[in-house]
Structure formats: structure tokens, C-alpha cells
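Along the sequence shown, the residues carry numbers beginning at 1. Side chains included, hydrogens not; waters and symmetry mates left out as well; all remaining heavy atoms used.
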Amino acid sequence: MKISKKVILASNSPRRKLLLGGLDLDFEVRVIDDIDESYPEGLEPKSIAEYIAKKKADAYKQTMNADELIITADTIVVLGNKILGKPADEKEAKKMLGRLSGKTHQVITGVCMLTAESEKVFSVTTDVTFRKLFTQEITHYVKNFRPFDKAGAYGIQEWIGHVGVTSINGSYFNVMGLPVQRIYKELKNMNRGL
């Protein structure tokens, strides 16, 4: 697919680069460091992911060119009504995985697609179920894979996903951090309007 805009992925995530590259698009990575990812109290989880994705996109408004399309994303993990962010250390990572063990949780990725003329904000939700994880499995994963840059303390494409995830309802790629099927659809819609 040819896009009339220059696509900019506003993320340093190797997973997001890989996934967007899978759409066979030319794109550039541009990152503004230290964007505030706080959000107002009382937002429902879906709205939090969308709010942060939009906040990230807003940081690019002043420096973007008229011919550019900026794509930002934010992924959160939700168990019950509790948001599990990125763990600070091994202890917190093990605790998070212990909480996810034997349960179904939601992975929500909010996306903002910004041009000089328009802004599209959406989110995609995927249900992920882990079997009961043994303590030694959690310890092995955290020690060897160090998932401190991942919401919920895991990457589905890594060892813990291979051995522990029993079912997924929704987009696998969304769980990795970028709902590329929906992004492709939105790019096609956007391209018609450009």
C-alpha cells in the first residue's frame, strides 16, 4: 500500500517497529524522550490507553511537517479493574505475573494517528488467559528475560507466552504492542481521504 503521507512511528519499541514493518510500509522512527504519561483519575482503562496515545501525539504537533502522519501508541494490561504497568524491578515483575497466573486479563492498546488535517484515536482490546504458573517458571522468566519495559511484566512473544498462555480472544499483535490489523484498515481509510 502506498501512503501519500510520510509515516512516522513515534516509538522506540523494537516490537512496534517490527509490527509496523510487517505492513510493508516505508516509515521513519522519531522519538521525543520523557513525554509525561500521567492521566486523570477516574478514566476507564480503554480511555486511559487512548488518552496517553493522544498525549504522546500532541507532543509532536509543534515539530511535525504538513506531509507527515504520526503514529503513537500506548499499551496497558488490566486485571479486574487494576492496571498493571511496567514493573520497577524483579520483585514487582514476579508479583504481577503471580497475579496474572491462572486468570484472564485484558491488553488494551490505544493508538493515535495524527496528520496536520486530522486525528484518529482508537483502542483495541484483547483477552489473554494464562494457565496457573509455577513459582519457578515465573522466576526463570523474570531472571532470563527481564521484562521491565513491558506492561504486565511479560511479552507474549517470549518464553512465558509460549509456555503459559492458553488462549487469546482478539489480536495477538495487539498484545505485542501494536494492533496492526486496525492500523492497516485506518491507513486505507485515511488514504482514500487524502
Side-chain angles (χ1 to χ4, degrees), residues 1-32 35-62 64 66-86 104-128 150-152 155-157 168-194:
M1 175 174 52
K2 287 283 185 200
I3 304 289
S4 56
K5 296 277 188 185
K6 182 177 178 183
V7 178
I8 309 294
L9 175 63
S11 175
N12 249 340
S13 164
R15 295 166 300 283
R16 288 189 178 133
K17 290 178 205 172
L18 177 75
L19 291 170
L20 192 61
L23 294 182
D24 200 23
L25 284 175
D26 289 327
F27 67 94
E28 173 187 313
V29 173
R30 187 180 305 156
V31 178
I32 296 174
I35 296 173
D36 175 27
E37 295 186 19
S38 63
Y39 52 87
E41 291 283 325
L43 288 180
E44 62 181 67
K46 177 183 142 187
S47 298
I48 292 169
E50 291 177 5
Y51 180 91
I52 296 172
K54 181 179 174 348
K55 197 174 188 181
K56 288 178 179 179
D58 287 345
Y60 289 81
K61 278 185 177 176
Q62 301 301 318
M64 71 183 288
D67 66 337
E68 293 179 335
L69 163 64
I70 308 283
I71 300 175
T72 60
D74 190 72
T75 302
I76 62 172
V77 170
V78 183
L79 180 63
N81 282 326
K82 175 99 171 118
I83 293 172
L84 304 180
K86 296 173 184 173
T104 299
H105 63 276
Q106 288 70 48
V107 177
I108 304 170
T109 301
V111 176
C112 182
M113 299 172 71
L114 177 71
T115 68
E117 304 85 27
S118 68
E119 179 180 87
K120 176 76 178 179
V121 181
F122 60 88
S123 60
V124 173
T125 302
T126 304
D127 291 331
V128 180
K150 297 173 180 71
I156 195 165
Q157 72 281 5
I168 300 170
N169 184 9
S171 166
Y172 172 82
F173 298 117
N174 183 55
V175 183
M176 280 181 69
L178 201 63
V180 285
Q181 301 95 339
R182 177 69 186 273
I183 287 173
Y184 179 75
K185 177 184 168 188
E186 297 299 340
L187 285 170
K188 282 178 69 175
N189 291 340
M190 217 175 236
N191 224 24
R192 282 190 209 106
L194 298 174

Value rounded to 0.5 Å, distance of [atom1] in [X] from [atom2] in [Y]:
X	Y	atom1	atom2	value
L25	I183	CG	CD1	9.5 Å
F27	L9	CZ	CG	5.5 Å
I8	L69	CD1	CG	8.5 Å
D127	I168	CG	CD1	10.5 Å
C112	I70	SG	CD1	9.5 Å
Q157	M176	CD	CE	4.5 Å

Is any NZ, NE, NH1 or NH2 atom of the basic residue among K86 and E37 found under 4.0 Å from an Asp or Glu carboxylate oxygen of the other?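 No.
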salt_bridge(K55, D58) N-O dist < 4.0 Å: no
Answer yes or no: is there a side-chain heavy-atom contact under 4.5 Å between [X] and [Y]?
X	Y	answer
I108	V78	yes
L114	E68	no
K54	E119	yes
M113	L187	yes

Keeping [X] on the side-chain end and [Y] on the backbone end, is there a donor-acceptor pair under 3.5 Å?
X	Y	result
E50	S123	yes
K5	A66	yes
N174	V107	yes
Y51	P40	no
T75	T109	no
T126	S171	yes

Heavy-atom closest pair, residues [X] and [Y]:
X	Y	result
V124	P179	CG2-CB, 3.7 Å
T72	A53	OG1-O, 2.7 Å
G177	A73	O-CB, 4.3 Å
V31	Y60	CA-OH, 3.3 Å
S11	R16	OG-CD, 3.5 Å

Are more than 12 heavy atoms, taken from residues, nucleotides or ligands other than D36, located less than 6.0 Å from that residue's CG atom?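 Yes, the 6.0 Å shell around CG holds more than 12 heavy atoms from other groups.
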More than 12 foreign heavy atoms under 6.0 Å from CG of N81: is that the case here?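 No, the 6.0 Å shell around CG holds no more than 12 heavy atoms from other groups.
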Verdict with supporting geometry, I83 and Y39, side-chain contact (heavy atoms from CB on, under 4.5 Å): CA-CA 12 Å; I83 293 172; Y39 52 87; 3.8 Å; yes
Do Q106 and I76 pass the side-chain contact (heavy atoms from CB on, under 4.5 Å) test, and can you show the C-alpha distance, the side-chain angles, and the key distance before you say yes or no? CA-CA 8 Å; Q106 288 70 48; I76 62 172; over 6 Å; no
Check whether F122 forms a cation-pi arrangement with R182 (NZ or CZ under 6.0 Å from the six-membered ring centre, at most 45° off the ring normal).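 Satisfied, under 6.0 Å and within 45°.
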